[in-house]
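Each remark here refers to the structure printed beneath this line.
Chain A is the first sequence line, chain B the second, and so forth, proteins listed ahead of strands; every chain is numbered from 1. Every heavy atom of this structure was used, including side-chain atoms; hydrogens, water molecules and symmetry mates were not.
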There are 2 protein chains.
Amino acid sequence: MRRTLLTMTPAPAQQPSPHQKPSARRPYHHGDLRRAVLTAALDVIAADGPSALSLRDLARRAGVSHAAPAHHFKDRTGLLTAIAAEGFGLLASTLNEAADLKDAGVRYVRFAREHPAHFQVMFTPELLRADDLELTTARALAGDALRGAVSAVRPESLGIDNRLAGVAAWSLAHGFATLLLSHNLDGPVGDKDPEEVFRTLAAMLFRSEPRENP
Amino acid sequence: MRRTLLTMTPAPAQQPSPHQKPSARRPYHHGDLRRAVLTAALDVIAADGPSALSLRDLARRAGVSHAAPAHHFKDRTGLLTAIAAEGFGLLASTLNEAADLKDAGVRYVRFAREHPAHFQVMFTPELLRADDLELTTARALAGDALRGAVSAVRPESLGIDNRLAGVAAWSLAHGFATLLLSHNLDGPVGDKDPEEVFRTLAAMLFRSEPRENP
DNA sequence: GGGCAATCTTGTCAGTGTCAAGTTGTGGGG
DNA sequence: CCCCACAACTTGACACTGACAAGATTGCCC
């Protein structure tokens, strides 16, 4: 828990704002503190997990006083909830562009690798304010996108209940992504491209009849 | 973060030990503090996640002084590492009794549901001391058990690389278990038995040729 | 230009992890 | 049987944290 405390000097570390008096040391208004805190938080979480996140540390990084972040996010839970909501929004938009179900799975895995902090927070409900409006709507959007990708595959042709096919696809992609992020597949996957490996797994799950019968 | 502080009275709350003087109020030696702290920690984590865990709170629950737990676990990370090691041990022993790969998957899901705190901690590496000996050996045991279940299925008959089959099975089971614990399958699964649902998913992944050709 | 609301600061409080140094009990060798 | 070394626990302290309240600063809109 102990941090170095060597960071006494405020150290602006961010371009203070678009239109500042050129000689102003540290402008009273940061300019875009909300975004600065968010991205700093994402850095910390990606590196050391959500438990390493400290509002005071984020404030120090942004060069503002210790209570400034709370004005934008209310409290720690609020910050994490904002991150999760943003994550679900990003996920929804990439899933909506998927060509088919396998592509959606690949995009799901890619999202987890490109936004590991978002991903981790999104699926840790005890860190979030469950009834937050932005969160619930963003999550619903992502859910719709997922269901859309599933329904496009016509799994009745495989004799499989549509609902279950969605759960299977989601489980496979989510499990692969999670194990990847927690470094549990470093051995098996090695230096191969994870997305390519996942494509093989997805083919195992949804393969059509062996030959004939289009 | 704020806790009630109504728990001022030490309140033994545990049978102090096997062989205590009958009139001793709070015996200096707890008797089995290590186990008491572990199970209290598992309760807290299962209810509110690892971030809600406080060594001082656990000490209060066990009726000992605030620094007592540290003597058994060194620090917070040590406690979580011990939990993870115990979890991998439990998982290994249940996987070793699996009849076949599908049964191993079912057991994996059952383990996650019966030991949600262990499961969550086991796959959150940033909370653990990665080089801990007990942890690494227990994890290796679980890995062996998993590989054993995979190799027993003879997936070459399906034309699939053995290694990949293992990753697929693990991903499916892990994803299903994770989504289950984070309440993301409450809708699709409903009040059905999750293990039964998972059996269906597993059948989708490893199904043999549609008919003839044993 | 004047006020007002958003933004940020300062100060404070209870709670936490961790370390160091002291107490208490217990089991094993003389 | 005793005593003593060591394990189990306590007490006290320090730096840190999230949260809240009250004040300071500033941009902006009428």
Handout entry: Pair A:Arg35 + A:Asp32: basic N to acidic O under 4.0 Å
Key = no
Exercise for the section: Under 4.0 Å between any heavy atoms, over every strand shown, what does B:His66 touch: base, sugar-phosphate, or nothing? Just pick one. Expected result: base
Fill in the blank from the handout: When rounded to the nearest 0.5 Å, the distance separating OH of A:Tyr108 from CG of A:Leu91 is 6.5 Å
Practice task
Whole angstrom is fine here: how far is it from CG in B:Leu53 over to P in C:dT18?
Solution key: 11 Å
Fill in the blank from the handout: Regarding the side chain of B:Ala67, the nearest nucleotide among D:dT11, D:dA8, D:dC20 is D:dT11
Problem - Gap between atoms CG and P, on B:Leu58 and D:dC9 respectively (whole Å) - result: 14 Å
Handout entry: Closest listed nucleotide, where the reference is the side chain of B:Leu55 and the choices are C:dT7, D:dA19, C:dT18
Key = C:dT18
Handout entry: A:Phe176 and B:His174 aromatic centres sub-6.0 Å
Key = no
Handout entry: d(CG, B:Leu79; P, C:dT18) in whole Å
Key = 10 Å
Exercise for the section: Applying side chain to side chain contact (heavy atoms under 4.5 Å, CB included), name anything that partners B:Thr200, two or more places apart in sequence or on another chain. Expected result: A:Leu164
Problem - Sidechain N-carboxylate O distance under 4.0 Å for B:Asp75, B:Arg129 - result: yes
Exercise for the section: On DNA chain D, check which nucleotide each of A:Thr77 and B:Arg56 is closest to and give me the residue with the more 5' one. Expected result: B:Arg56
Handout entry: Global bending angle along the helix from C:dG1-D:dC30 to C:dG30-D:dC1, which compares the axes of five pairs at either end, to 10 degrees
Key = 0°
Practice task
Mind calculating the distance between CG (B:Leu33) and C1' (D:dA8) to the nearest angstrom?
Solution key: 9 Å
Completion exercise
All heavy atoms of A:Val121 vs all of A:Pro50, minimum pair found to be CG2-CG, 4.4 Å
Fill in the blank from the handout: B:Ser54 has its side chain closest, among C:dT16, D:dT17, D:dA7, to C:dT16
Handout entry: Integer-rounded Å distance: D:dG23 P and A:His71 NE2
Key = 16 Å
Practice task
Mind checking side chain to side chain contact (heavy atoms under 4.5 Å, CB included) for B:Ala112 and listing every partner two or more places apart, or none if nothing turns up?
Solution key: B:Phe119, B:Ala177, B:Leu181
Completion exercise
In whole angstroms, the gap separating P of C:dT18 from CG of B:Leu80 amounts to 10 Å
Practice task
For B:Asp75 and C:dA20, give me the distance from atom CG to atom P, rounded to whole Å.
Solution key: 13 Å
Handout entry: Atom-pair distance (NZ on A:Lys74; C1' on C:dA6), nearest Å
Key = 16 Å
